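Report on the following structure.
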Protein chains: 2
Amino acid sequence: MRGFERSLPMALMRARESIMSQFRPILAEHDLTEQQWRVLRALASNDKPCSVGRIAEQTFLLGPSLSRMLTSMADRGLIKRAAHADDARRSEVSISGAGLDLVDEIAPHSEGVYQRISDALSRKELDVLYDLLERTAAID
Amino acid sequence: MRGFERSLPMALMRARESIMSQFRPILAEHDLTEQQWRVLRALASNDKPCSVGRIAEQTFLLGPSLSRMLTSMADRGLIKRAAHADDARRSEVSISGAGLDLVDEIAPHSEGVYQRISDALSRKELDVLYDLLERTAAID
DNA sequence: TATTGTTATACTCTATAACTATA
DNA sequence: TATAGTTATAGAGTATAACAATA
């Protein structure tokens with residue numbers, strides 16, 4: 001079995017932890033978990049409202065976890081839920097104005113983190129990294 | 001704020017999920033959580049026994065979580081704990097024979113996953129990926 | 001006094017199954 | 001019958017503080 005250092009999941013985790021460790025304190029200041037932030041970011045990037053299932057796919061959260069998170073995020077006024085026009089089983093979830101405000105408040109800190117990434121990796125290297133990650137994600 | 005698609009933490013997570021989703025069923029068959037597997041792999045790659053703090057660093061687990069996990073893994077016979085020779089505060093944790101057997105049992109499946117990665121990425125591309133990930137992990 | 005590791009506590013997320021209501 | 005989403009439940013991990021033992 002290959003060494004721990006040459007384990008791809010661990011290498012991916014080390015890279016991710018390096019970034020998230022800078023970012024988590026900012027999220028904590030705004031009373032957001034990493035998972036809630038993923039939901040907020042997914043909704044902010046989707047221009048249109050989308051289904052709960054679609055959010056689950058985008059954020060790698062399980063339905064039951066997400067369902068509860070959406071309830072608490074709606075209580076907090078960060079997201080909105082509406083009934084689907086054609087299919088009454090579906091929800092149409094979207095980010096609220098307050099949710100967008102929160103994203104905008106956190107965004108500058110995020111860009112600060114990306115500045116440090118840009119100091120370490122050239123634009124070209126970042127492009128290569130994204131490409132390799134995407135191809136890894138596409139396996140199977 | 002950059003799009004969700006161009007978020008590096010999410011790109012890292014998507015890549016990692018793609019691999020781990022193939023691997024988790026194998027771990028589940030052997031009653032191992034992802035975190036327990038990280039501990040086992042870390043200990044298997046360290047030739048010498050090491051401290052609880054060192055394992056926590058390697059596996060990105062918090063002390064209290066790790067402490068409980070080590071207790072249950074020791075009860076299961078997967079690891080061994082010994083007192084440190086010079087410093088009685090420290091533990092010396094190492095993998096047991098049964099722990100090594102379990103790693104060896106799971107290893108072939110792991111190589112199967114790496115085979116699929118090798119089908120998608122050339123050796124050179126994998127080297128580039130590891131290098132870029134390492135440099136990302138080294139930020140700050 | 002600082003450090004290593006454990007225990008205590010509250011909360012969040014994971015994971016699976018069962019359920020509701022639509023389709 | 002199948003699908004979308006919620007509720008129920010058990011368990012594991014996260015996170016912080018407090019603690020014991022030792023340096």
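Keep in mind the model is a prediction, meaning the values are calculated, not measured. To find a chain, count down the sequence lines: A is the first, B the second, and so on, and within it residues start at 1.
One finds a side-chain N or O of T33(B) lying less than 4.0 angstrom from the OP1 or OP2 phosphate oxygen of dG13(D).
The cationic atom of R38(A) (NZ for Lys, CZ for Arg) does not lie both less than 6.0 Å from the six-membered ring centre of F60(A) and within 45° of the ring axis.
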**Report entry** Test log, rule salt bridge (charged side-chain N to carboxylate O under 4.0 Å, His left out), inputs E57(A) and R54(A)
**Finding:** CA-CA 5 Å; E57(A) 281 175 11; R54(A) 174 76 188 118; 3.3 Å; yes
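Of the two residues near DNA chain C, Q36(A) and A28(B), the one whose nearest nucleotide lies more 5' is Q36(A).
Salt-bridge formation is detected for the pair R16(A)/E34(A): a Lys NZ or Arg NE/NH1/NH2 atom is positioned less than 4.0 Å from an Asp or Glu carboxylate oxygen. Ion pairing between E92(B) and K48(B) fails under the 4.0 Å rule for side-chain N and carboxylate O. Using a 4.0 Å cut-off between charged nitrogen and carboxylate oxygen, R135(B) and D140(B) do not count as a salt-bridge pair.
When DNA chain C is scanned 5' to 3' for any atom under 4.0 Å from a heavy atom of chain A, the first and last hits are dT12(C) to dA23(C).
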**Report entry** Per-nucleotide protein contact string for nucleotides 2-8 of chain D, where B marks a base within reach and S marks sugar-phosphate only (heavy atoms under 4.0 Å, - for neither)
**Finding:** BBSSSBB
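Taking atom CD of residue Q35(B) and atom P of nucleotide dA15(D), one finds them 12 Å apart after rounding to whole Å. We find that CG of L32(B) is positioned 12 Å from P of dA12(D), with the value rounded to whole Å.
Other cluster members for L62(A): none, since no ILVMFWY side-chain heavy atom sits under 4.5 Å from it.
Contact annotation: the side chain of R41(A) approaches that of S7(B) to within less than 4.5 Å [non-hydrogen atoms, C-beta and beyond]. Between M13(A) and M20(A) the shortest side-chain heavy-atom distance does not fall below 4.5 Å.
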